[in-house]
Enquirer: 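Got a structure for you, questions after.
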Amino acid sequence: MAVTRRQFMKVSAAGLAASSVGALGFTGAGDALAAGVRPFKLERATETRNACPYCAVACGVLIYSLGDKSKNAKSSIIHVEGDPDHPVNRGTLCARGAASLGYIHSANRLKYPMHRKPGTDKFERVSWDFALDRITKLMKEDRDKNFIAKNRDGVTVNRWLSTGFFGGSSLSNEAGYLTYKFVRATGILGFEDQARI
Ligand code: SF4
């Protein structure tokens, strides 16, 4: 559509007048609109507290998901931010933690146990029961074979040096405590729990 110079000046003047009204404080309509829009994103989301899984700092995060928890509804995480009430980070997150929504929805994220049979280079999905039974069996076999009850001087040491254990920063204090007790009770010395909780 062709616009004459006169039409252009009229439209510009109208726009200027509107913004001037806003500048003079007549912004009630705009404020009401903003107030309606701002909480919209998280208003109907479910808030879940958790810990960032990336590093040993173990910052607290708030995870927001949609889905009304009815049987056929599929929940979906839509937003992650720092937990202002968490004593570690007080609401802050580094770039990795702030970008954890990408990690959550990554197609490469491992969500279930995988097993590579001897002699093959392919991993296949297995059940948790299978994975836990297999781990338990291998741990017992290795411990039975390599447990050291006494050292060369006959002093009781109860060491198991051929297996190590890896914890994680997402563990709560209670889970970390139980993990520590279990690992030390077996005699394992090689133990890394990342967040040292
Ligand atoms: S937000 Fe950053 S510093 Fe905090 S736990 Fe995650 S990766 Fe570590």
Side-chain angles (χ1 to χ4, degrees), residues 34-70 73-116 121-136 138-139 142-143 159-197:
V37 168
R38 208 166 282 136
F40 174 72
K41 185 176 179 186
L42 304 178
E43 194 175 49
R44 303 172 76 183
T46 300
E47 182 183 285
T48 307
R49 291 203 143 79
N50 214 317
C52 172
Y54 273 125
C55 88
V57 178
C59 295
V61 292
L62 297 176
I63 299 173
Y64 294 89
S65 56
L66 288 180
D68 61 4
K69 300 196 190 321
S70 58
K74 195 166 184 282
S75 290
S76 179
I77 294 172
I78 55 164
H79 181 69
V80 178
E81 65 185 36
D83 182 352
D85 295 327
H86 198 281
V88 168
N89 55 317
R90 296 285 185 209
T92 61
L93 292 176
C94 78
R96 277 192 305 175
S100 52
L101 192 61
Y103 158 76
I104 289 167
H105 292 301
S106 168
N108 296 324
R109 182 178 162 203
L110 189 62
K111 297 177 183 162
Y112 32 73
M114 303 288 285
H115 178 234
R116 181 168 65 81
D121 60 355
K122 300 278 185 305
F123 281 87
E124 60 186 56
R125 181 175 179 174
V126 293
S127 69
W128 280 103
D129 281 345
F130 174 92
L132 292 171
D133 285 351
R134 176 130 181 97
I135 291 167
T136 307
L138 293 176
M139 286 179 76
D142 187 64
R143 190 171 185 273
R159 290 178 192 144
W160 178 16
L161 303 178
S162 52
T163 286
F165 202 98
F166 217 0
S169 63
S170 302
L171 293 180
S172 64
N173 282 349
E174 292 77 12
Y177 177 85
L178 289 173
T179 305
Y180 190 93
K181 285 290 180 189
F182 166 75
V183 170
R184 293 299 186 226
T186 64
I188 289 177
L189 292 190
F191 177 37
E192 169 58 54
D193 199 31
Q194 199 183 31
R196 279 102 194 159
I197 50 179

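Order of appearance sets the numbers: ligands from 1, and atoms from 1 within every ligand. These values consider heavy atoms only, across backbone and side chains, with no hydrogens, waters or symmetry-generated copies.
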Enquirer: Rounded at 0.5 Å granularity, tell me how far CD in E81 sits from CG in L101.
Expert: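 If I round to the nearest 0.5 Å, the distance is 11.5 Å.
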Enquirer: Show the atoms of ligand 1 that are less than 4.0 angstrom away from any heavy atom in L93.
Expert: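 Here the atoms of ligand 1 in question are 1 (S).
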Enquirer: Is C94 close enough that one of its N/O/S atoms sits under 2.8 Å from atom 2 (Fe) of ligand 1?
Expert: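 Coordinating: yes.
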Enquirer: Contact between T163 and R143 at the side-chain level, heavy atoms closer than 4.5 Å - yes or no?
Expert: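 No, their side chains stay 4.5 Å or more apart.
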Enquirer: If I take every N, O or S atom of C55, is at least one of them less than 2.8 Å from atom 6 (Fe) of ligand 1?
Expert: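 No N, O or S atom of C55 is closer than 2.8 Å to atom 6 (Fe) of ligand 1, so no.
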Enquirer: How far does OG of S162 sit from CE of M139, to the nearest 0.5 angstrom?
Expert: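 Between S162 OG and M139 CE, I get 10.0 Å after rounding to 0.5 Å.
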Enquirer: Nearest protein heavy atom to atom 7 (S) of ligand 1, by residue and atom, and its distance?
Expert: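 Scanning the protein heavy atoms, the shortest distance from atom 7 (S) of ligand 1 goes to Y54 CB, 3.4 Å.
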Enquirer: Provide the number and element of each atom of ligand 1 under 4.0 Å from a heavy atom of A58.
Expert: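 Near A58, the atoms of ligand 1 are 5 (S).
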Enquirer: Within this structure, what is the CD1-CG distance for the pair I78 and L66, rounded to the nearest 0.5 Å?
Expert: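 Taking CD1 in I78 and CG in L66, the distance rounds to 4.0 Å.
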Enquirer: Tell me the protein heavy atom at minimum distance from atom 4 (Fe) of ligand 1, and give that distance in Å.
Expert: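 I find the closest protein heavy atom is C59 SG, 2.3 Å.
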Enquirer: Answer yes or no for N89: is there a heavy-atom contact with ligand 1 below 4.0 Å?
Expert: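 Checking ligand 1 against N89, which is what was asked, there is no heavy-atom contact under 4.0 Å.
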Enquirer: Need the ligand 1 atom indices (1-based, order shown) with element for anything under 4.0 Å from a heavy-atom of G97.
Expert: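 Near G97, the atoms of ligand 1 are 1 (S).
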Enquirer: Show which atoms of ligand 1 fall inside a sub-4.0 Å distance from at least one heavy-atom site of R96.
Expert: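 Listed by number with element: 7 (S).
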Enquirer: Rounded at 0.5 Å granularity, tell me how far CG in D83 sits from CD in E47.
Expert: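 One finds 7.5 Å between CG of D83 and CD of E47.
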Enquirer: What protein heavy atom lies closest to atom 6 (Fe) of ligand 1? Include the residue and the distance to one decimal.
Expert: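 Answer, as residue, atom name and distance: C52 SG, 2.4 Å.
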Enquirer: Are N89 and V57 packed together at the side-chain level, in the sense that at least one heavy-atom pair is separated by less than 4.5 angstrom?
Expert: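 Answer no - side chains too far apart.
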Enquirer: Can you say whether the rings of F182 and F165 are parallel (under 30°), tilted (30 to 60°) or perpendicular (over 60°)?
Expert: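 Ring orientation of F182 relative to F165: perpendicular.
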